[in-house]
Amino acid sequence: MLSLETPVSDLRMIGPIYHQRLNKLGITTIGDLLHHIPFRYDDLSKITNTKSIHLDDVITIIGKVLSIKNIFTKYGKNIQIASISDETGTIDVLWYNQPFLVNILSQGTRISIAGKVEEKDKRLILISPEYEIIKDKQDNSYSHLIHTGRLVPIYNETQGLSSKWIRSRIHSILFKLFIDIQEFLPEEIIEQNNLVNEKEAILKIHFPQSLIEADEAKKRLSFDELLILQLSSILRRNQWNKKKANFVLNLDKTKDRIDDFINNLPFKLTQSQTKAVQEILKDLVSQKPMNRLLEGDVGSGKTVVAAIAMYATYLIGHNSVIMAPTEILAFQHYKTVSELLAPFNVKIGLVTGSSKKQNQIIPDVLIGTHALISNKTKLSKVGLVIIDEQQRFGVEQRSKLREKVGSPHVLTMTATPIPRTIALTLYSDLDLSIINELPLGRIQVKTWVVPLIKRSAAYIWIRKKILSSNPHQQAFIVCPLIEISESIKSVKAAVKEFEYLKHDIFSDLKLGLLHGRMKTNEKNKIIDQFKNNKIDILVSTPVVEVGIDIPYATIMMIEASERYGLAQLHQLRGRVGRNNLESFCLLFSESDNLKAISRIKLLEKIYNGPQLAEYDLKLRGSGEIFGTNQHGHFFLKIANISDLKLFEETKHSAESLMSKGKGLSKFPLLREKLQKYTIRNIAPD
Ligand code: ADP
Ligand code: MG
C-alpha cells in the first residue's frame with residue numbers, strides 16, 4: 001500500500017520527465033504531491049442538457065461525439081469542430097490547434113464537456129471547453145468525473161505541469177490506488193478546534209463537493225502547517241534555554257567604553273537603534289545565550305548596532321564572527337566594520353571561499369561567508385555570532401557554525417520584512433528588535449513605474465541627473481531576473497545589456513558590469529570603483545540585491561520589475577538614497593498585464609517593508625510566485641499569513657500539547673511528523 005512517504009517515482013503513471021519537473025517544485029513524495037493544493041476551483045458542477053443552456057452559462061454537458069473534423073481556415077489557423085449530442089439535441093464545439101483530438105474523440109465516444117456557453121454565427125457554442133472521455137458505461141452517477149461536472153481544482157501551472165495533469169495524478173492516487181493516510185493529531189485537538197480528520201481534508205481539498213467542504217479541508221491543512229511550526233519553535237526554545245553562554249558581559253566594567261564608542265560615531269544613533277543596542281547589551285549580561293533577531297529595512301543601520309555588540313564582546317576578551325550570504329556582502333561588512341572598530345584597536349579578518357590561507361593570528365572579529373563553517377577556518381573563543389540575512393542560510397549551516405563555537409550569543413539580522421505579529425507567534429524562540437526608522441534626514445526614494453514608451457526619455461533623464469552634480473550621481477541598472485539563482489542565462493543577458501547601454505545609450509558615461517559569475521577580486525574591484533565614484537552606472541544582475549552601500553547612488557532602475565516580489569523591489573530601492581540626496585527608483589516593465597502593473601505600482605505609494613511583504617503574501621494566492629527561493633518569508637505553503645486567529649489557535653494548542661509532561665511522547669505520530677518536518681525544512685532556528 002502507498003503511504004505519504006512513498007516516492008513519486010514509484011508511481012507508474014509518473015515518468016522520468018514529470019518526475020524531474022515535480023522535483024523542481026520540491027515534490028518528491030506522494031505526500032508532497034497531495035499537499036500541492038489548488039489555489040482555486042472552477043465551478044463546472046452544473047450538469048445540464050443541450051436544450052436547457054443559455055448564453056454565458058457555465059455548464060457541463062454529457063453526450064456523444066456525433067462528428068468531429070480538422071479544419072484549416074484560410075488564415076492558416078487549425079481548428080477542430082465537433083458536434084456533441086445528448087437526448088435533447090446537439091451543440092457545436094470548437095477547439096484551436098489540437099488536431100490530435102480528432103483521434104481521441106472519434107465518433108460515438110462518450111464525453112463530458114464543460115465551459116462557458118458562447119455565441120457564434122447566431123448559434124450557441126462551446127469554445128475550447130474542458131473535456132473528458134467517459135469510459136465506464138455502467139456508472140450514471142457521474143461521481144467519477146474529474147475535469148468536468150464538479151468543482152474542478154486549479155493548481156499553479158509551473159514548469160510544464162498542467163493543472164489537468166496534476167489533477168489526474170492526484171485523483172488516481174486518492175481514488176484508484178490505495179493510500180494510507182493516518183490521523184496524527186490527538187483526538188482532543190481535533191475536537192477542540194473543530195477540525196475534519198486528515199484523510200478527509202486531503203480528499204476534500206482536491207475534490208470537494210462544495211466550497212464549504214473545501215474551506216474545512218483548507219482549515220485543517222493550515223492548522224497542521226502552523227501547529228508544526230509552533231511546535232518546532234517551542235522545541236527550539238526549550239533546547240536553547242538549557243544552554244549556558246560562552247561569556248557574560250560585565251556592564252559595570254565596560255559601560256563607559258561602550259558609551260565612548262557610541263559617542264565617537266560620526267552620527268547619532270536613531271531611537272530604535274539605541275533601543276536595539278540596549279536590548280542586546282541586556283542579553284549579553286545574561287547567563288543564557290542571546291538569540292535575537294534584528295529586523296530593519298535596508299539602510300536602517302543594523303551594521304552599527306552589530307558593531308557595538310562586537311565591541312562589547314571584544315572588551316570582555318572574546319571574539320566575534322559575522323557570517324554573510326555573499327562575498328560582496330562579507331567584503332562590505334569587512335570594510336564598514338573595519339572603519340568603525342579598527343580605531344579602537346580591534347583586529348578584523350576576512351574569510352571567503354576564494355580567500356587564500358588564513359592568517360595564523362585569529363582576529364577579534366572574523367567576517368566571512370559560509371567558508372567560516374569549513375574546518376579550514378580556525379575559530380576560537382567566539383562569544384558572539386552574527387548572521388546577516390539569516391533567511392539565506394539553511395538551518396544546517398547556521399547550526400553548524402554555532403556548534404563549531406560552543407554556545408555563543410547569536411544575533412541574526414534581516415532586512416526581509418516579517419510582519420511583527422507573525423514573527424512573535426511563529427518565532428517564539430527568538431527575541432525581536434526592530435529598527436523601524438531610517439537615519440535622520442534620509443529621503444524617501446521617489447518611485448515610478450515607467451511605461452514602455454517612456455524608455456528613451458528615461459535614459460535621457462538618467463544621463464542628465466548623473467551629470468547634474470560633481471561628484472557625479474550614480475545609477476544602478478538591474479537586469480531581468482531570469483532564473484532564481486544566478487544562471488548563465490542571467491549573466492548573458494546582463495553582459496548583452498551592458499554592451500548595448502555602453503555603446504548605444506550612455507557612450508559618454510562610465511559604465512561597469514557586475515554579476516555573480518565574476519571572480520571575487522574582479523567583483524570587489526568593480527564595487528570599489530563604483531563606491532569611489534569612478535563608475536557612473538553599474539549594470540548588474542539581481543545579485544546586488546543585498547547590502548551594497550554606495551553613497552552617491554541616487555537612481556535605481558529595474559528591468560522587468562514585474563518578475564520580482566514587492567518586498568524584493570523594496571529592498572533593491574533601498575540601495576539608493578543613502579546620502580541625503582534626492583533619490584529615485586524607476587521600475588520598468590515590458591508587461592501589458594494590467595494586474596501585474598498595478599501590483600508594482602503599489603511601490604509608488606507604499607514605503608513600508610512589512611506592509612509590502614503582506615501584499616506579496618496575499619497576492620501569492622492568485623497563483624503568482626515571486627522569487628520564492630530567495631525569500632524565506634514565503635514559508636507558508638497552505639496557511640494564510642493574515643489568518644491571525646489560526647495563528648493564535650495553533651499556538652495555544654502547541655503549548656497545551658507540550659505542557660503535558662514529556663513533550664510529545666504520548667503522541668508518537670505527531671512527533672514523527674514534527675521530526676520529518678524539522679529535517680526537511682529550512683526554518684529559522
Ligand atoms: P543596513 O545594514 O541596515 O542595511 P547599514 O548598517 O549598512 O544598514 O547602514 C546604512 C548606512 O547608514 C551606513 O552608511 C551607515 O554608516 C549609515 N548610518 C547608520 N546609522 C546611522 C545613523 N543613526 N545616522 C546616520 N547614518 C547612519
Ligand atoms: Mg546590511
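Note that the structure is predicted; figures quoted are calculated from it, not measured.
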(message) Set out, in order, the CA-CA distance, both residues' side-chain angles and the distance that settles side-chain contact (heavy atoms from CB on, under 4.5 Å) for Val152 and Tyr41, then state yes or no.
(response) CA-CA 5 Å; Val152 177; Tyr41 304 90; over 6 Å; no
(request) Tell me, please, whether Tyr131 has Lys164 positioned over its six-membered ring: NZ or CZ under 6.0 Å from the ring centre and within 45 degrees of its axis? (result) yes
(request) Say whether Glu562 and Asn593, considering side chains only, have a donor N or O and an acceptor N or O under 3.5 Å apart. (result) no
(request) Calculate, to the nearest 0.5 Å, the distance between atoms CD1 and CD1 belonging to Ile550 and Ile527 respectively. (result) 7.0 Å
(request) Check whether any side-chain heavy atom of Ile125 lies under 4.5 Å from a side-chain heavy atom of Val93, and answer yes or no. (result) no
(request) Fit a plane to each ring of His36 and Tyr155, take the angle between them on a 0 to 90° scale, and name the class: parallel (under 30°), tilted (30 to 60°) or perpendicular (over 60°). (result) parallel
(request) Indicate whether the side chain of Thr412 and that of Arg292 have a donor and an acceptor atom separated by less than 3.5 Å. (result) no
(message) Less than 4.5 Å apart, side chain to side chain, heavy atoms only: is that true for Thr414 and Leu294?
(response) no
(request) Determine the minimum heavy-atom distance between Gln273 and Ser300, stating which atoms define it. (result) NE2-O, 3.5 Å
(message) What I want to find out is whether Lys302 reaches Glu295 closely enough, with some N-O distance under 4.0 Å, to be called a salt bridge.
(response) no
(request) Give a yes or no on this: more than 12 heavy atoms of other residues, nucleotides or ligands lie within 6.0 Å of atom CD1 of Ile17. (result) no
(message) Using only atom types and a distance under 3.5 Å, with no angle test, would you say the side chain of Gln474 pairs donor to acceptor with the backbone of Asp536?
(response) no
(message) Within this structure, what is the NZ-CD1 distance for the pair Lys77 and Ile71, rounded to the nearest 0.5 Å?
(response) 13.0 Å
(message) Using only atom types and a distance under 3.5 Å, with no angle test, would you say the side chain of Gln568 pairs donor to acceptor with the backbone of Gly565?
(response) yes
(message) For a quick check under 3.5 Å, do Glu437 and Ser272 share a side-chain donor-acceptor pair by atom type?
(response) yes
(request) Decide if atom OH of Tyr552 counts as having more than 12 heavy atoms of other residues, nucleotides or ligands within a radius under 6.0 Å. (result) no
(message) Is any side-chain heavy atom of Leu126 closer than 4.5 Å to one of Glu118?
(response) no
(message) Any heavy-atom pair between the side chains of Leu603 and Cys585 that's under 4.5 Å?
(response) no
(message) We want to know whether His333 and Asp388 form a side-chain donor-acceptor pair, criterion being a heavy-atom distance below 3.5 angstrom.
(response) yes
(request) Please collect all salt bridge (Lys or Arg N to Asp or Glu O under 4.0 Å) contacts where either partner lies in residues 443-457, sequence neighbours excluded, each pair once. (result) Lys446-Glu582, Arg455-Glu559, Arg455-Glu590
(message) Applying side-chain contact (heavy atoms from CB on, under 4.5 Å) to Ile477 and Leu538, what does each step give before you reach the verdict?
(response) CA-CA 6 Å; Ile477 295 185; Leu538 185 69; over 6 Å; no
(message) When you compare the side chain of Thr352 with that of Phe331, does any pair of heavy atoms fall below 4.5 Å?
(response) no
(request) Ignoring hydrogens and angles, state whether a donor on the side chain of Glu339 or Thr336 is under 3.5 Å from an acceptor on the partner side chain. (result) no
(request) Under the side-chain contact (heavy atoms from CB on, under 4.5 Å) rule, what do Ile386 and Leu411 come out as? Steps first, then yes or no, please. (result) CA-CA 5 Å; Ile386 295 171; Leu411 180 67; 4.2 Å; yes
(request) Spell out, as yes or no, whether a donor-acceptor pair under 3.5 Å connects the side chain of Arg167 to the backbone of Pro153. (result) yes
(request) Look at the side chain of Gln473 and the backbone N and O of Leu467, then say whether any donor-acceptor pair between them is shorter than 3.5 Å. (result) no
(message) For the NE2 atom of His472 and the CD1 atom of Ile537, what is their distance to the nearest 0.5 Å?
(response) 11.0 Å
Distance-only criterion, 3.5 Å: show the donor-acceptor pairs between side-chain atoms of residues 499-513 and protein atoms not counting sequence neighbours.
unit_1, atom_1, unit_2, atom_2, d
His503, ND1, Glu499, O, 3.0
Asp508, OD1, Arg463, NE, 3.3
Asp508, OD1, Arg463, NH2, 3.3
Asp508, OD2, Arg463, NE, 3.1

(message) I want to check something: taking the side chain as every heavy atom from C-beta on, are Pro38 and Ile154 in contact at a cut-off of under 4.5 Å?
(response) no
(request) Go through the steps for Ser128 and Leu94 under the test side-chain contact (heavy atoms from CB on, under 4.5 Å), then give the verdict. (result) CA-CA 6 Å; Ser128 302; Leu94 187 158; 5.6 Å; no
(message) To check you understand the geometry: which heavy-atom pair defines the closest contact between Leu438 and Thr270, and what is its length?
(response) O-CG2, 4.1 Å
(message) For the CD atom of Glu225 and the CD1 atom of Ile638, what is their distance to the nearest 0.5 Å?
(response) 5.5 Å
(message) Looking at every non-hydrogen atom in both residues, tell me the closest pair between Met557 and Tyr459 and how far apart they are.
(response) CE-CE2, 3.8 Å
(message) Just so I know, are the side chains of Lys525 and Gln529 near enough to count as touching, which here means a heavy-atom distance under 4.5 Å?
(response) yes
(message) Would you say that Pro325 contacts Thr369 through its side chain, given a criterion of any heavy-atom pair below 4.5 Å between the two side chains?
(response) no
(request) Sequence neighbours left out, what passes ring-ring contact (aromatic ring centres under 6.0 Å, His included) with Phe584? Give chain and number order. (result) Trp448, Trp461
(request) Check Thr447 against Val445 and note the closest heavy-atom contact, atom names and distance. (result) OG1-O, 3.0 Å
(message) Give me the atom names and distance for the closest heavy-atom approach of Leu329 to Ala324.
(response) CB-CB, 4.0 Å
(request) Keeping the roles fixed (side chain from Trp95, backbone from Ile81), state whether a donor-acceptor pair exists under 3.5 Å. (result) no
(message) Quick one: does any side-chain atom of Thr554 pair with a main-chain N or O of Ser583 as donor and acceptor, under 3.5 Å?
(response) no
(request) Mind listing the closest non-hydrogen atom pair of Leu293 and Leu430 along with its distance? (result) CB-CD1, 4.0 Å
(message) Quick check with a 6.0 Å cut-off and a 45 degree axis cone: is Arg573 positioned over the face of Phe476's six-membered ring?
(response) no
(request) Could you grab the distance from atom CG of Asp528 to atom CD of Gln332, nearest 0.5 Å is fine? (result) 10.5 Å
(request) Drop me the distance from Ile434's CD1 to Asp297's CG, to the nearest 0.5 angstrom. (result) 10.5 Å
